[in-house]
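Treat the numbers as computed from the prediction; the structure is a model and nothing was measured. Quick note on labels: first sequence line is chain A, next is B, and so on, each numbered from 1.
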Protein chains: 2
Amino acid sequence: MNEIDLNEAFIKDMKRRFVKSFLDMLILKLIQDEPIWGYKILKETKKLYQVKLRHGALYPLLNMLEMNGYIKSKQELHKGRIRKVYKITRKGTQLLNTYQNFLKQQL
Amino acid sequence: MNEIDLNEAFIKDMKRRFVKSFLDMLILKLIQDEPIWGYKILKETKKLYQVKLRHGALYPLLNMLEMNGYIKSKQELHKGRIRKVYKITRKGTQLLNTYQNFLKQQL
DNA sequence: TACAATATGTCCTCTTTCGGACATATCAAG
DNA sequence: CTTGATATGTCCGAAAGAGGACATATTGTA
């Protein structure tokens, strides 16, 4: 492995660590951008972040975020299937702001 | 728990997660600031970061960083006790730069 | 002379996390 | 009419990680 490959592997590892630790915040950020449902989050993250997000990890996480009042779901019927479309709450927005301020301090 | 306490608890949790995921980078940063040995790192982090860093976690980490060529140790005799004083290598400095650039992109 | 501090190291168990399997239902396309 | 996509959910065994114990040696202090 040359230096460039090592660097790419390192960045990939940083990404992996970051997603592992702050997945809930990244999901919250996605929901803040636009109301979205679980299945679409799976597709979006696959496309945008090259992150293998398991649905078995995502759905419990979304339910937890809602239980804590950071997001709020609304059932929408779309072509015979029920979607749980989430949008961020004021409490969720506040949390995300605190998170972003925290991150800035780490630089 | 009121809102302020919740926020403080959240920041504390973010800190915990960050240290958990990027401890090696934080240690590397400390070594970059000035050559330092393990025991002093334990004292410094306790004082500065309010992080309970176990020596049983730190020493293997330092050895791993040296094995990978990011830091280099030099044994120094101080009042009859041997200290392994570490300083950062060029490879280590490059790694830290990559890490910091990565972090900036996460904002 | 015993206890706290300095200094570095390993090891083993408990807990947490992860990845994949199991589960269910509808719809669209071949 | 079966397979793939959409959509959401639980569960469990394996792997990884954390925390504290074990280990050793010297120095400073009460």
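- Protein atom NE2 of H55(B) is 13 Å distant from nucleotide atom P of dC22(D), rounded to whole Å.
- Between K29(A) and Q100(A), the shortest heavy-atom contact is CE-NE2, 4.0 Å.
- dA28(C) atom C1' lies 9 Å from atom NZ of K79(A), rounded to whole Å.
- Heavy atoms of L58(B) sit nowhere under 4.0 angstrom from any nucleic acid atom.
- Rounded to a whole Å, the NZ atom of K43(B) is 11 Å from the C1' atom of dA4(C).
- Summarising the geometry, the separation between CD1 on I82(A) and C1' on dT26(C) is reported as 10 Å, rounded to the nearest angstrom.
- At least one side-chain nitrogen or oxygen of R54(A) sits closer than 4.0 Å to the OP1 or OP2 atom of dG19(C).
- The nearest heavy atom of DNA chain D to K52(B) and to V85(A) marks one nucleotide each, and the one closer to the 5' end goes with V85(A).
- The distance between atom CZ of R81(A) and atom C1' of dA28(C), rounded to the nearest whole Å, is 8 Å.
- Across all strands, L42(A) comes closer than 4.0 Å to no nucleic acid atom at all (heavy-atom distances).
- Here Y99(A) and F10(B) keep their ring centres 6.0 angstrom or further from each other.
- When the nearest nucleotides of DNA chain C are assigned to G80(A) and K40(B) by heavy-atom distance, the more 5′-ward of the two goes with K40(B).
- Listed here is the closest heavy atom pair of P35(B) and K87(B): CG-CB, 4.2 Å.
- At distances below 3.5 Å, at least one donor-acceptor pair connects side-chain atoms of T89(B) with backbone N or O atoms of Y70(B).
- By the 6.0 Å contact criterion, NZ on K72(B) is open, its count of non-hydrogen atoms from other residues, nucleotides or ligands being 12 or less.
- In this structure, CE of M67(A) is placed 12 Å from C1' of dG9(D), rounded to the nearest angstrom.
- Residue R83(B) has a polar side-chain atom (N or O) positioned under 4.0 Å from OP1 or OP2 of dA7(C).
- For the OP1/OP2 pair of dT8(C) and a distance below 4.0 Å, the side-chain nitrogens and oxygens of Y59(B) include at least one atom meeting the criterion.
- Atoms CG (L53(B)) and C1' (dG19(D)) sit 12 Å apart, rounded to a whole Å.
- Residue K84(A) places at least one side-chain N or O closer than 4.0 Å to OP1 or OP2 of dG9(D).
- Applying the 4.0 Å criterion to OP1 and OP2 of dT8(C), one finds that Y39(B) has every side-chain N and O outside that range.
- Remark on DNA chain D: of its neighbouring residues N63(A) and K20(A), the 5'-side contact belongs to N63(A), judged by nearest-heavy-atom nucleotide.
- The interatomic distance linking L61(A) (CG) with dG19(C) (P) rounds to 14 Å, in whole Å.
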